[in-house]
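Structure first, then comments.
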Amino acid sequence: MSRLHPIGRVLKGTVLLSFTLLLAACGEPPPPPASRTIVLGFDGMDPDLTAHLIEQGELPNLERLAKTGYAAPLATSNPPQSPVAWSSFATGTGPGDHGIFDFLRRVPETYAPDFSISEVVEPENSFEIFGMTIPLGSADIINRRQGTPFWLTAEENGNPTTILRVPVTFPPDDVHRMLAGMGVPDLLGTQGTYSYYTTRRSRGDETGGRVVYVRARRDGIARTEFEGPPHPLSSDGEPLSVPMEIEPWGNGVRVTLDDEIVELKPRRWSDWVKVGFDFGGIMTVNGMVRLYLIEAMPDLRLYVSPINFDPTAPEVPLSTPDGFASDLAGRIGLYHTIGMPEETWSLNGERISDKAYLQMVETILGEREAMHYDALERNDSALVVTVFVQTDRISHMFWRGIDPKHPRYEDTDELGRGAIRWIYHEADRIVGETLKRMGPNDRLVILSDHGFAPFRHAVHLNRWLVDNDFMTLKPGRTTSPALFANVDWSKTTAYALGLNGLYINMEGREAQGIVKPGEAQAIKAEVAYGLMQATHPETGDPIFDEIYDGADIYQGENNADAPDLVTGFHRGFRASWQTTLGAVPQAFVEPNDQKWSGDHCIAPTLVPGVFFTSWPVEDPPASIREVGAFLLSTLEN
Ligand SMILES: [Zn+2]
């Protein structure tokens, strides 16, 4: 079978399917519920920071809830990562049951990392003709999360439910109304790939982005291509593309993208620009982008956002019912559809400025608010859950502004230093707006999936494994690029991959595994003991709070994917980006000099989330996995 880019397979399926697509008939709208439970999720809202800002009088609405209702920290999942914790929220189970252990899972056959949240399953059969692969039956997208989300139970009990942008809900479940969140890819099938057009000769592709070198011709116009998804019906992986022209326009540029003309002033975001990638004569893959001109010609630097699916003509299932995504766009305007729209990589790579990033987040926050209030105004669901992840994204990117010990504190200006305060104020304002829209019998629940900590030191776990003889590099090599390229698996007993995972190179499980089942426990114990002794080379601070044995903390049917050891870092430390992808740099610990300066992928006891209710509760949930059952208990049915 040909190897197509995953999204090519999905598009192929949906494009062919669309010939026969019938829209599901809409039933009678349900009557307004007698009372509602409204849930606001603020990803990454930290209990200590929240308490501090309440003390300062800066979060009046949350303060009111704390006084008249209930407020406490909420235990998170292990590891405390958003896809893991929100899956526990949805299903009331731990990773051993729901099967999401980390953003990245490892494929034992190849040692390669794979996105753990959703996957594309190829159609059963296909045939090739004239270089085109024609599938028989459509490709399927599956949510890797196992188990039954509580909203399905709520619906079964007769409570119509609206679920907006909860992470790990792609493809969406069959409830009254749902808009998928984290897990929805961009048109390229990635979690967000931006494009950066520049007249400066530069390095080529970079993390999260592709750099396109352009040059103005004699007529002053730079002509290039904007590349889209791979050709859905071709097996050679060639991308579809549309022509793109960039020419000077006042102090900005005029961009002709496909047939659309966009006039850009410096340092302003454009509105949405729709892009149709035509193929096969009669078919089009629809996407949309936003542009941001950093610098006009002659020293052009033009940023183009990841290509979002167009909610008015989505090529993948974004919503339940199918038409909801489009209907919503009619009510609130076009909106970001990709699962993680806050383009952290473009800021971390310093392609866009703090200001541009904050403007983008403000736009996305506005979209979430609009869809949340729209759901409240429709007043046809007994349970409404909306997750705002902007609290998390701002905390990741701007912790340097509130942490004087962070390497990037000094060069973060007033705007950057105020960003976290701003997003907490915004969250509190949204709480207030929600309270205003509630009826006398409605209840409000607020939670976060985990808290936050500084990320000052990047820890290269695979370096430690090499230095302590658990991993061996090929002869003559002292370091390794990503994907364990220089690792000699025949002499390696353990490896690190993902944000919190360590794995044993098990015989019979890993492709080149050497550790016999009877030896694994001893190696795990040695690694765990060694890591617990590890300290920062300069300060002597311990790096780990706890190393967990996967066999102890996970029980369930999906333990085959579980890491053998889970790293519980101390505050201030985190696995390096290189570690997450299986690289072995020179040093063990390095200062984190990037703008991504806050994190939470540490010991879960150090980063609990928050839990608030608008009424006093007797028996509150102690951990995020108990929240679903608690919410069900508040419903009339
Ligand atoms: Zn996060």
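Residues take their numbers from the sequence shown, with the count starting at 1. Remember, it's 1-based here, ligands and their atoms both numbered in the order they're listed.
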### Task
Tell me whether the centres of the aromatic rings in Tyr111 and Tyr495 are closer together than 6.0 Å.
yes

### Task
Among the N/O/S atoms of His600, select the one at the shortest distance from the Zn ion (ligand 1) and name it.
NE2

### Query
Below 2.8 Å, any N, O or S contact between Asp599 and the Zn ion (ligand 1)?
no

### Query
In terms of side-chain geometry, is the basic nitrogen of Asp561 or Arg144 positioned less than 4.0 Å from the acidic oxygen of its partner?
no

### Query
Does any N, O or S atom of His396, backbone or side chain, fall under 2.8 Å from the Zn ion (ligand 1)?
yes

### Task
Provide the full list of ring-ring contact (aromatic ring centres under 6.0 Å, His included) pairs with a residue in residues 548-581, sequence neighbours left out, each pair given once.
Phe101-Tyr554, Trp345-Trp577, His457-Phe573, Phe544-Phe569, Trp577-Trp596

### Query
So with a 6.0 Å cut-off around CZ of Arg417, is the heavy-atom count from everything else above 12?
yes

### Task
Answer yes or no for His450: is there an N/O/S atom below the 2.8 Å cut-off from the Zn ion (ligand 1)?
no

